Structures are given as structure tokens and as C-alpha cells.
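Quick caveat: nothing in here was measured; it's all calculated off a predicted structure.
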Amino acid sequence: MIISLIIPTRERAKYLKASIQTALRAKDDQFEIIISDNASNDDTEQVVASIDDSRVKYFNTGERISMRQNFEFSLRKSSGDYVVYMGDDDCFLADQLPFLRQILEQHSPDALSWDRPTYGWPVPGYGKHTGSVKFQRNSLYGEVGQLDCNDSKQRLLACNIGALGPKPAIYHGCISRRFLRSIETPEGVCFASSNPDVYVTYQVILRNAHAMHVAHPFTLNGYSPASTGGAHHAYKAGDPRCKPAHMWRQENKQDPLCDVVGYTLTVPHAFFSTLETIRAISPQEIEKPDYRVWYHYVLHSARPEDHETKQMLAENMAMYAEKTGTQSELAEASDASVAVAGKIKKYSQRIEKLRTMMHRKRISAEIDGQNNALTAALTYDRVLGDDYAGILDGSRTRHLCWKAAMQRSRERQLIARAA
């Protein structure tokens with residue numbers, strides 16, 4: 001069984017090399033690393049060419065394309081029975097790969113997702129808690145569990161996004177090629193939405209696929225000034241750090257495939273657009289969502305001071321409401337009571353966060369004066385050890401694994417201080 005790790009990239013050579021190195025540590029000849037270069041103008045190709053490992057396969061799109069098209073392009077270049085996508089500033093936990101393989105071979109799920117800790121690249125003036133990694137007890141050494149996609153479907157249609165819980169994922173998650181082929185359009189398109197990762201997540205949920213989740217990481221979600229995700233909502237309009245998000249939108253507009261709601265402006269807008277696109281192209285009828293709540297969610301997704309985006313969202317939703325005959329639901333979307341569920345959700349999340357604060361530890365990712373994706377992955381893998389094998393075979397408890405990991409983390413801290 002081949003596992004494909006796909007890394008779409010664009011002009012981020014200084015981050016890419018360390019990210020690739022995190023995966024190269026894997027001792028597995030049934031593992032391939034696909035680098036899909038979106039027509040970079042930097043030395044991305046040279047960086048990849050300097051790596052002498054037959055498992056690394058480099059492909060260039062030849063011209064600048066959208067993220068969706070790059071996902072499609074790279075999927076066609078891969079050969080894995082299972083596919084994992086991660087960003088070019090993210091980390092792969094190579095020492096945990098044998099356990100990922102064991103789960104996939106034992107359960108053959110359509111989708112496997114996992115908890116994903118974060119690592120912030122230590123760039124001056126960027127982000128909080130950068131240059132370190134956090135270990136949280138409830139996100140480590142968990143057993144493999146089944147996801148209830150029917151329940152998730154009802155929550156998704158009700159726009160109860162915060163209550164979805166663990167979600168199937170292809171980005172920092174694993175999807176079978178069998179399932180990806182099953183969602184291809186008659187034209188042979190697998191990712192039929194501008195938001196390919198969200199599209200696959202929603203397809204798994206809406207099709208009630210065999211999805212599983214494990215509270216144990218196989219990747220770290222990196223964030224840096226080049227990250228597209230954070231740039232969508234982390235900064236005020238006009239902030240130069242929004243550039244990755246602006247580029248993403250411009251490239252989407254050049255993509256001949258467009259969502260039924262149009263080109264998206266905010267993250268909630270993208271969620272709604274993806275859901276409606278799937279409903280529009282699905283060969284089986286999917287029940288209508290709660291438009292009243294969804295419209296409220298989208299219309300209130302712009303920053304308070306961003307009046308231009310607010311106006312564009314209002315115009316877009318008005319056009320879509322007219323198209324779908326849901327003008328009355330749009331009119332009711334301003335009702336304050338619509339947001340109550342969201343407020344309750346946020347309060348419960350804060351309570352849960354306070355509980356988990358008692359069982360977590362953050363340590364530096366620096367090794368020998370270096371601090372990057374590779375040192376972060378090495379730090380995480382060394383603290384995790386191979387204890388997860390005991391969870392999978394039932395010989396160890398989660399509590400004992402956590403205690404052993406915390407002991408290793410303390411030892412690492414002592415070594416770092418002595419250096």
C-alpha cells in the first residue's frame with residue numbers, strides 16, 4: 001500500500017526544504033513525496049533537485065494556476081492508495097508513519113483525520129508562541145474512533161460549524177484514492193470547488209463515508225508569513241501580511257471552474273459556497289441547509305471596519321437568495337436570535353480550553369541553534385517516542401504514555417539549558 005504525501009508549493013523555497021526534510025526521515029519505501037510547484041519564480045526547483053531520494057518527485061504546473069487546479073494536478077501525478085496533503089511550511093512526523101500505516105491497513109477507511117498541533121516559524125514580528133511546539137494530553141495517544149457522518153451532516157446543514165467536532169480531512173488528513181475517484185464529476189474532476197480541502201471534507205460527510213479520527217498527530221500545521229490560511233482572517237484589510245490571501249483570490253478568479261455562489265470573500269463565505277456547490281452537482285439530492293442561519297453566518301463574517309467586504313457579501317447573498325428563492329430566509333438572517341447557538345458554542349469552547357490548560361506543555365523547537373520545520377518535527381517525534389504502538393496493540397494506557405512523553409520533554413529542556 002502506497003501512501004502519497006503531496007506538498008503544493010509556490011515561491012516558498014526557504015520554507016519548503018525543511019518541510020521536505022521532515023518527510024525524508026521516514027523509513028518506508030512505499031511512501032512517496034510529491035512536490036507540485038505552481039510555476040514558482042524562485043529557486044524551488046533547485047531546492048528539490050538538491051535532494052537525492054527517489055521517493056521525492058517534482059512536477060511543475062508550467063503556468064500559474066489556482067489552488068484547486070494545483071490540488072487536481074498533483075493528485076494526477078501521485079500513485080498512492082492513500083493521499084495526504086500538507087503545506088510547504090508544515091511538518092511531517094516521520095517516526096509516527098508506521099502507526100499511520102498500521103491504522104490504514106487494519107481499518108481501510110475512506111478518510112482518516114487526526115489532531116494537528118501547530119508550529120510557528122520564528123520570524124521576527126510574526127505570530128505568537130513561534131519557535132516552539134505544544135503537547136496537549138487530550139490530543140496525544142488517543143484510540144482510533146469512528147466518525148458519525150450522519151450526525152455531522154445534520155450539524156453542517158444547520159450551520160453548527162463549531163459543533164462538528166473532528167472532521168474528515170485531506171489537508172493534514174488522509175483520504176483513500178478509492179473515495180476520491182467516487183466523487184469525480186462526469187468530466188473527471190475530483191476537486192470541483194475553489195476550496196478543495198473543504199470540498200473533500202464536506203463530500204465525506206454528506207456521503208456518509210467510512211471516516212475515522214485519532215487524537216494523535218502525524219503532522220504539524222506550520223504557520224509563517226507565507227501561510228495562506230492565516231492571511232485570510234488574521235489581519236486587518238490593507239495589512240501587507242494579507243498578500244497570500246489576495247494572491248489566492250486572484251488565482252481563483254482565473255480558474256474556469258467557479259462555485260455556484262461565486263468567488264468567495266471570507267472563510268464562512270467559502271464554507272457556504274462549497275456546501276452549495278456540492279448540493280448543486282451531486283447526483284443524489286441533498287436536503288436544503290438552514291439558509292437563515294447560513295446567511296447570518298456569512299453576512300457577519302467580515303471585519304467590522306471592512307465596509308467594502310460587507311457590502312460585497314450583502315450583494316452576493318442577495319443575488320444567491322433570488323436565484324434560490326430564499327429571500328425570506330435572507331430577510332430573517334438579521335434576527336439577533338440566529339446567533340445564539342454560536343455564542344453558546346464559543347462559551348463552551350472557552351470552558352473546554354480552561355480544562356485542557358492543566359494538561360499541556362510547550363517547549364522550544366530549537367536544536368543546535370536551528371529552529372525550523374525539521375527541528376520542530378524532530379522535537380515532536382522524540383517526545384512522542386514509539387509509545388503509540390502500545391495504544392494500538394492495547395499494551396499501554398494513554399495515561400502512562402503521557403507521563404513518559406512529559407518525562408522526555410523535561411529531559412529535552414534540561415539538555416537545551418545545558419547547551
Side-chain angles (χ1 to χ4, degrees), residues 82-85 103-104 107-116 138-139 142-176 178-180 182-183 190-219 221 229 259-261 264 267-298 301 338-349 352:
Y82 280 91
V83 176
V84 179
Y85 279 77
I103 293 169
L104 295 176
H107 298 282
S108 299
D110 294 317
L112 176 69
S113 54
W114 51 80
D115 287 17
R116 52 181 190 184
N138 65 350
S139 293
E143 295 183 357
V144 184
Q146 183 78 28
L147 292 180
D148 186 344
C149 286
N150 268 328
D151 180 69
S152 296
K153 177 181 178 181
Q154 298 311 312
R155 295 177 189 272
L156 176 61
L157 294 173
C159 192
N160 200 352
I161 303 298
L164 280 177
K167 296 178 288 294
I170 194 169
Y171 187 71
H172 289 279
C174 202
I175 303 290
S176 73
R178 176 186 65 247
F179 179 80
L180 292 173
S182 76
I183 64 173
C190 179
F191 303 105
S193 167
S194 299
N195 310 280
D197 50 340
V198 180
Y199 179 80
V200 172
T201 294
Y202 288 3
Q203 283 280 21
V204 173
I205 291 173
L206 294 170
R207 289 172 178 252
N208 192 27
H210 179 205
M212 308 190 80
H213 181 83
V214 56
H216 186 78
F218 298 105
T219 56
N221 189 9
D259 289 351
V260 296
V261 176
T264 57
V267 172
H269 193 201
F271 290 167
F272 178 61
S273 180
T274 304
L275 174 60
E276 289 299 272
T277 296
I278 293 174
R279 291 185 61 249
I281 67 175
S282 174
Q284 289 83 36
E285 184 176 356
I286 300 173
E287 54 261 49
K288 292 182 179 180
D290 188 333
Y291 282 113
R292 184 177 63 108
V293 182
W294 270 105
Y295 285 148
H296 183 280
Y297 182 47
V298 173
S301 61
V338 175
V340 170
K343 291 178 180 177
I344 293 173
K345 172 199 69 177
K346 291 178 182 178
Y347 177 74
S348 65
Q349 286 177 337
E352 181 61 26

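- Across all their heavy atoms, Arg207 and Ser182 have their closest contact at NH1-O, 3.5 Å.
- His172 NE2 to Asn221 CG: the interatomic distance, rounded to the nearest 0.5 Å, is 4.0 Å.
- Residues Val200 and Pro168 are not in side-chain contact: their nearest non-hydrogen atoms beyond the backbone lie 4.5 Å or more apart.
- Remark: Gln146 CD to His107 NE2 distance equals 9.5 Å, nearest 0.5 Å.
- Under a cut-off of 6.0 angstrom, the local environment of CD in Glu285 is sparse, with at most 12 non-hydrogen atoms contributed by other residues, nucleotides or ligands.
- Under the 30°/60° scheme for interplanar angles, the aromatic rings of Phe271 and Tyr297 are found to lie parallel.
- Every side-chain contact (heavy atoms from CB on, under 4.5 Å) that Ser108 has, sequence neighbours left out, goes to Tyr82.
- To the nearest 0.5 Å, the span separating SG on Cys149 from CG on Asp110 amounts to 9.0 Å.
- Every side-chain contact (heavy atoms from CB on, under 4.5 Å) that Pro289 has, sequence neighbours left out, goes to Leu157, Leu275, Glu276, Arg279, Tyr291, Trp294.
- Partner of Thr219 under the side chain to side chain donor-acceptor pair (under 3.5 Å) criterion, chosen from Tyr85, Tyr171, Trp114: Trp114.
- For Ser273, the side chain to side chain donor-acceptor pair (under 3.5 Å) partners are Asp259, not counting sequence neighbours.
- In the displayed structure, Glu143 atom CD is contacted under 6.0 Å by at most 12 heavy atoms of other residues, nucleotides or ligands.
- When side chains are defined from C-beta on, Pro109 counts as touching His210, because their heavy atoms get closer than 4.5 Å.
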Original post:
Should Ile161 and Leu156 be marked as a side-chain contact (heavy atoms from CB on, under 4.5 Å) after you check the CA-CA gap, both sets of side-chain angles, and the distance that decides it?
Top reply: CA-CA 6 Å; Ile161 303 298; Leu156 176 61; 4.0 Å; yes

Subject >> Worked verdict on Phe218 versus Ile103 for side-chain contact (heavy atoms from CB on, under 4.5 Å) >> reply: CA-CA 12 Å; Phe218 298 105; Ile103 293 169; 4.1 Å; yes

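- Taking OG1 of Thr274 as the reference point, atom CD of Gln203 lies at 10.5 Å (rounded to 0.5 Å).
- The one candidate from Leu164, Asp148, Leu206 that meets the side chain to side chain contact (heavy atoms under 4.5 Å, CB included) condition with Lys153 is Leu206.
- Summarising the geometry, atom CD1 belonging to Ile183 is positioned 8.0 Å from atom CD1 belonging to Ile278; distances are rounded to the nearest 0.5 Å.
- The two atoms that bring Val293 and Ala158 nearest to each other are CG1-O, 3.8 Å, heavy atoms only.
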